[in-house]
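Here the structure is laid out as structure tokens; the discussion comes afterwards.
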Amino acid sequence: MGKARGWQSAAAVLRRRYAQAANALNGTVPWRGVVDFVEQGLKSRGRTPLTLTYAQSLDGSIAAHTGRVLISGQASMTMTHQLRTMHDALLIGSGTLLADNPKLTARLVPGRSPLPVVLDSRLRTPPTCGLVAARESGDGDGDGRLPRLVIVTTRGGPADKWARAKALDRLGVHILEVPEELGRCSLEDTLLQLQAMGCNSVMVEGGMAVIASFLARPELVSNVVVTVSPKFLGGLGPCSELAARGSSDLLSMDQMSSCAVGSDIVIYGAAASSPVQPVNGHVNGVNGVNGVNGVNGMNRAQPVDGLPTVDLRSSCRMWIEAVESECDFKVYGTAKEGQEIVALIKGNVEGADDVPVRVHSECFTGDVLGSKRCDCGPQLRSFLDILQEEPRGVLLYIRGDEGRGIGLVDKIRAYELQEKGLDTVDANLSLGLAADLRTFDTSKEVLNQLGVRSVKLYTNNPEKVRALRPLAREVCPLKTVPNKHNVTYLRTKRDRLNHKTILSELVA
Ligand SMILES: NC(=O)c1ccc[n+]([C@@H]2O[C@H](COP(=O)([O-])OP(=O)(O)OC[C@H]3O[C@@H](n4cnc5c(N)ncnc54)[C@H](OP(=O)(O)O)[C@@H]3O)[C@@H](O)[C@H]2O)c1
């Protein structure tokens, strides 16, 4: 008991120091860029956003031969704790649990600790380890929404494994069963099941084998944060593990940046890969169709040089009244089931810079019927008006992305829930769907195929800006005139989905 108080007061001291350090830096910390970058990555749609993070020495070791060793300095450890508070779950492998007996809290900073998750195919987790004990004693910052410790294990196995599972279960540990993949826990199923439990973001902290598994599955990773300490350790790292497996097609980083944090260098970026999207947006188990919406139902875009493929299926020229011009009309197929991108092209855009572009997701109710529940119709019409004025421009109309990608049936179900008081984000979540399932990488590829050199992008959506980088050199927000039917929806898009919506006067 005295020991626990001692630990808590040490944590309180560190928390105070963190606050003082943050104040001393005028409210900023040296790792502000990392936090902002990760925050953006966590908004990625259509999969469980995942941050892969670890600390290594200059020779790539994450562990010493001689046993437990602290690799990163105090400042970068504080950064790691801050990153922990930004995620719902914190995942490690059983090797780290057995070697380090970690606490996995965010005790160095103010904020909520994530749910600890351990990959443990053989259920080797000792009932006496710190994580189980913390679960029993009620340590940590759990908010009652989630269990306090999840152990993921493979289905099947000897009877004594299930006897251990029962014992852990009695201690209040939530055991999650997933299919086996290469003799270990399937990562995809683990993420899907965590998402179904309400974990909408995951941070992976190791150790070697788990890091190696994610490096070999870049499509599951959103952010990568690697802390490099100024030491040589001559120890072991994920590379030794990957070499042993003979893995290829490993993760590479996009938008790589770095910053100095104490005596360490933190390197961070996005994983360059194609996104994974559950078919129809349903999360395995939530809508009760295991196997169909889970791993077997995964609809993966095929990456080519880091981008999903799009192929031109038909084209013609036609007079478009809304633009008062003869335009090229091209229809592209994409690797996402049911998705087509229609490119309406005015003027010659090949080799052109600063081409006005709008990427517009299909909205039958707003675009065609003029529903007042959203701002899709007015935004589409504003851009068509701009096209009328400009000598050139491109409208990319994404068919199949109705309702931020969830489809018309679920969009209308979400409307029903909004009538009961949920906002547009919570309505999707309570249907077991992501807040936004769209990704816009395919739009970038269409623009590349059209030979557009740079674009002036008309959007309020930061995800579109992100996806179209570096093509999007200028971003023009589209002004929205709210009405009494859509003002709450527009505010939610601004406040919860980070849309740069400029709301003018409310009209009837
Ligand atoms: N520097 C850092 O940032 C950092 C961070 C964390 C840990 N570490 C160090 O890393 C070392 C531990 O590394 P480790 O490789 O032994 O342990 P680990 O990666 O934490 O755990 C590996 C174990 O997890 C289980 N597992 C289940 N599903 C898996 C999957 N899909 N992919 C990979 N593993 C899966 C496997 O055991 P079963 O087959 O029994 O399920 C596997 O042996 C320790 O020395 C620790 O201090 C360093």
Side-chain angles (χ1 to χ4, degrees), residues 50-73 76-77 79-81 83-84 90-104 116-126 129-131 150-158 160-161 164-165 168 175-194 202-217 220-221 224-229 231-245 247 261 264 266-268 295:
L50 184 142
T51 303
L52 177 63
T53 177
Y54 57 93
Q56 66 164 53
S57 61
L58 283 170
D59 57 350
S61 311
I62 74 156
H65 282 295
T66 48
R68 202 171 173 203
V69 65
L70 273 183
I71 295 183
S72 54
S76 30
M77 263 166 56
M79 174 197 75
T80 302
H81 282 218
L83 294 179
R84 285 179 181 177
L90 178 58
L91 185 144
I92 59 163
S94 55
T96 300
L97 181 113
L98 295 171
D100 299 348
N101 194 12
K103 284 196 162 69
L104 302 184
V117 177
V118 183
L119 295 182
D120 184 3
S121 330
R122 290 174 281 164
L123 284 184
R124 292 183 294 158
T125 300
C129 72
L131 283 180
V150 170
I151 296 184
V152 184
T153 193
T154 48
R155 291 182 186 142
D160 59 327
K161 170 177 158 181
R164 289 196 295 282
L168 286 165
I175 307 280
L176 211 59
E177 288 176 54
V178 295
E180 194 175 289
E181 193 178 83
L182 303 173
R184 288 173 167 168
C185 303
S186 153
L187 299 181
E188 257 167 4
D189 283 83
T190 300
L191 297 178
L192 282 165
Q193 293 214 31
L194 287 174
V202 175
M203 176 155 152
V204 174
E205 272 196 38
M208 277 168 312
V210 169
I211 294 167
S213 292
F214 279 98
L215 290 177
R217 298 297 306 276
L220 299 179
V221 180
V224 186
V225 179
V226 180
T227 300
V228 182
S229 85
K231 300 172 194 161
F232 287 89
L233 272 183
L236 299 162
C239 291
S240 12
E241 175 79 25
L242 288 164
R245 293 185 201 182
S247 309
V261 176
D264 301 329
V266 176
I267 299 170
Y268 58 101
V295 169

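Keep in mind the model is a prediction, meaning the values are calculated, not measured. All ligand and atom numbering here is 1-based and tracks the order in the structure.
- Contact annotation: the side chain of Leu176 approaches that of Leu194 to within less than 4.5 Å [non-hydrogen atoms, C-beta and beyond].
- The immediate protein surroundings of ligand 1, defined as residues with any heavy atom under 4.0 Å of it, consist of Tyr54, Ala55, Ile62, Ala63, Ile71, Gly93, Ser94, Gly95, Thr96, Ala99, Asp100, Leu119, Asp120, Ser121, Arg122, Arg124, Arg184, Cys185, Leu187, Glu205, Gly206, Gly207, Met208, Ala209, Val210, Ser213.
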Practice prompt. Apply side-chain contact (heavy atoms from CB on, under 4.5 Å) to Thr154 and Lys161, showing your working.
Written response: CA-CA 10 Å; Thr154 48; Lys161 170 177 158 181; 3.3 Å; yes
Practice prompt. Walk me through it: do Asp264 and Thr227 pass the test side-chain hydrogen bond (donor to acceptor under 3.5 Å, both in side chains)?
Written response: CA-CA 7 Å; Asp264 301 329; Thr227 300; 5.9 Å; no
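- No side-chain heavy atom of Asp120 sits under 4.5 Å from any side-chain heavy atom of Leu97.
- When side chains are defined from C-beta on, Leu91 counts as touching Leu119, because their heavy atoms get closer than 4.5 Å.
- Between Met203 and Thr80, the closest side-chain pair of non-hydrogen atoms falls below 4.5 Å.
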